[in-house]
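Before any comments, here is the structure.
Basis for what follows: all heavy atoms, side chains included, without hydrogens, waters or symmetry-related copies.
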Amino acid sequence: MTSTDTASPRPRVVIIGAGFGGLSAAKQLARAPFDVTIVDRHNYHLFQPLLYQVATAGLSPGDIASPTRGILSRQKNAKVILAKVSDIDIARSEVIAEGRRIPFDYLIVATGAEHAYFGHDWSSYAPGLKTIDDATYLRRRILLAFERAESEPDADERRRLLNFVVVGGGPTGVEMAGAIAELAKRALAADFRSIDSRCARIVLVEAGPRLLAPFDPSLSEAARCSLEQLGVEVRLGVGVTDCDCSGVSLGQERLQTRTIIWAAGVKASPAGEWLNAECDRAGRVKVLGDLSVPGYPNVFVIGDAAAATTPDGRPLPGVATVAKQQGWYVANLLTARAEGRTLHAFRYRDVGSMAAIGRKRAVAQIGAVKTSGLVAWLLWSLAHIYFLIGFRNRLAVAMNWCWNYVTFQRGTRLITGISGSRIEDVMPVLSSAPALAVSAAVDSGSVEAVQTLRHDDLVRQNGPQHA
């Protein structure tokens, strides 16, 4: 195992993760007396709040992501390492990533969160939305469902293909359901000849009593009404008991569908295991008031990986603004320590919450101000464009949104990553058969044959997350 240790008179700050928290910390340390190393398994910073627009063909991946090296190219004290972290040797103060050891004097863990299925193995049937790969895969699944329905002779299967179920009534689920509804009922309305895409059924399932639980109840109701105006069926107070390649079970009720999107829960990254630290039920590391790990004043955990609380003990939400503010705080804390100063404990400044529900529809809660409809949508649009990294991204997103608003079109309706209309991409396979039978069954057009093929074969073709 190699070491990247280089002789340096300055303290070394290693940041794991180039998301909102990690990147904010790195940029805030630009003029500080530290050598900064950012380690991430991707070479880009992703603006996750707009991933759902990539998944529904509203934006392209390049509109919401920027290369990390490009963002930090002018920061002389920062370097980027493309690698996947597998462990932290806390005793030796080293990060272990793909056979190399990266020493640190200060460590900032900003590894984010992963999908949580509450103990069930549903990831192959109900993919979530956390990465660009997730978004492009979901775009492929959604658009393929319409394409297959266009040529599907069986009426029951055609209805199943045109049913879309979104599980989870938080911001991601609400935005995703609204975007699919607009895609089906507006953008694709004139594209097909054998089917009417406006007949697509979009169902949003939420186990709680209302949508957008962190918002004011009046805004939750406004969101529900807006979704229903778009044609989305909202199911409240019901949880998913099972799901597979042909549908979702809600207790005794069965919803037939080929496309399930999971937005119901997240769990923290393995940071707690790496640090052998105390975690909450979601796997987030319990941190002190200065966001350090108890017993290790030089190790900090921020963002979705941290179980931080407000002064009155309420857990902080897993949103981008929390991660950004925590990144700034830790960077300022390290600078203060280097100068012999102290800082008070971290305190989150709530800048409000917003969620978009399609064209001209959104809800916004900023302090005591609560609004919905067009005004909220304009606020949401301006806020998201402002926080995008890089002028080119802001300009591209603004132009795309203006075009979509005027024409109801989606300019990135591209089915990528497959060769032809591979039906198994829409219909995950379950039982066993030779791998070569996949292509033979697809070429023959036999739905029954495809359904009998081996799940492992699909995993090898599309990756473990995209089976």
Side-chain angles (χ1 to χ4, degrees), residues 11-29 32 34 36-40 48 85-97 102 104-114 116 130 214 265-338 341-351:
R12 299 158 299 187
V13 178
V14 173
I15 302 172
I16 306 176
F20 288 107
L23 193 61
S24 296
K27 295 176 70 176
Q28 193 71 7
L29 290 169
F34 299 101
V36 181
T37 300
I38 300 94
V39 187
D40 197 289
Q48 280 193 345
V85 173
S86 58
D87 204 353
I88 298 171
D89 189 336
I90 198 73
R92 296 179 58 178
S93 296
E94 292 178 334
V95 172
I96 303 172
I102 307 167
F104 63 84
D105 296 298
Y106 299 98
L107 177 64
I108 302 175
V109 181
T111 47
E114 305 170 350
K130 281 293 181 185
V266 296
K267 62 180 179 180
S269 67
E273 299 175 13
W274 297 342
L275 296 168
N276 195 25
E278 184 181 2
C279 301
D280 65 5
R281 290 186 300 175
R284 298 176 300 181
V285 177
K286 294 184 178 181
V287 294
L288 301 177
D290 63 355
L291 304 179
S292 66
V293 177
Y296 301 100
N298 65 326
V299 178
F300 305 86
V301 182
I302 62 176
D304 290 344
T309 60
T310 61
D312 58 1
R314 291 181 292 110
L316 292 177
V319 296
T321 51
V322 171
K324 289 171 72 73
Q325 290 183 32
Q326 289 178 335
W328 294 331
Y329 172 84
V330 172
N332 290 333
L333 177 66
L334 295 181
T335 302
R337 286 184 182 179
R341 297 184 291 109
T342 59
L343 285 185
H344 55 75
F346 173 75
R347 179 166 295 184
Y348 172 57
R349 182 171 59 88
D350 190 357
V351 296

Could you tell me whether the side chain of Phe300 reaches within less than 4.5 Å of the side chain of Leu333, counting heavy atoms only? yes
Determine whether Trp274 and Ile96 make a side-chain contact, defined as any pair of heavy atoms from C-beta on separated by less than 4.5 Å. no
Working note: Leu275 + Val301, criterion side chain to side chain contact (heavy atoms under 4.5 Å, CB included); need CA distance, chi angles, decisive distance, verdict. CA-CA 10 Å; Leu275 296 168; Val301 182; 3.8 Å; yes
If I compare all heavy atoms of Ile108 with all of Ala25, which pair ends up nearest, and what's the gap? CD1-CB, 4.0 Å
Decide yes or no for Asp105 and Asn298: does some side-chain heavy atom of the first lie under 4.5 Å from some side-chain heavy atom of the second? no
Is any side-chain heavy atom of Gln325 closer than 4.5 Å to a side-chain heavy atom of Phe346? yes
Tyr348 vs Thr321, side chain to side chain contact (heavy atoms under 4.5 Å, CB included): CA-CA, chis, key distance, verdict: CA-CA 9 Å; Tyr348 172 57; Thr321 51; 2.9 Å; yes
More than 12 foreign heavy atoms under 6.0 Å from CZ of Arg341: is that the case here? yes
Does a side-chain heavy-atom distance below 4.5 Å link Thr310 with Leu316? yes
Value for CD1 (Ile102) from OG (Ser93), rounded to nearest 0.5 Å, stands at 13.5 Å
Minimum heavy-atom separation for Ala271 and Val285, please, with both atom names. C-CG2, 4.2 Å
Option among Ile16, Val299, Val14 that satisfies the side-chain contact (heavy atoms from CB on, under 4.5 Å) test with Ile88: Ile16
Is the number of heavy atoms from other residues, nucleotides or ligands within 6.0 Å of NZ (Lys130) greater than 12? yes
Please work out whether the ring planes of Tyr329 and His344 are parallel, tilted or perpendicular, with thresholds of 30° and 60°. tilted
Tell me, do Leu343 and Asp290 make a side-chain contact under 4.5 Å, heavy atoms counted? no
Side chain proximity check, Asn332 to Gln28, heavy atoms < 4.5 angstrom: yes
Show your working on side chain to side chain contact (heavy atoms under 4.5 Å, CB included) between Ile90 and Asn276 and close with a plain yes or no. CA-CA 9 Å; Ile90 198 73; Asn276 195 25; over 6 Å; no
Using modelled atom types only, decide if a donor and an acceptor are shared between the side chain of Asp40 and the backbone of Ala18 within a distance under 3.5 Å. yes
Are any of the side-chain heavy atoms of Val85 and Thr111 separated by less than 4.5 Å? no
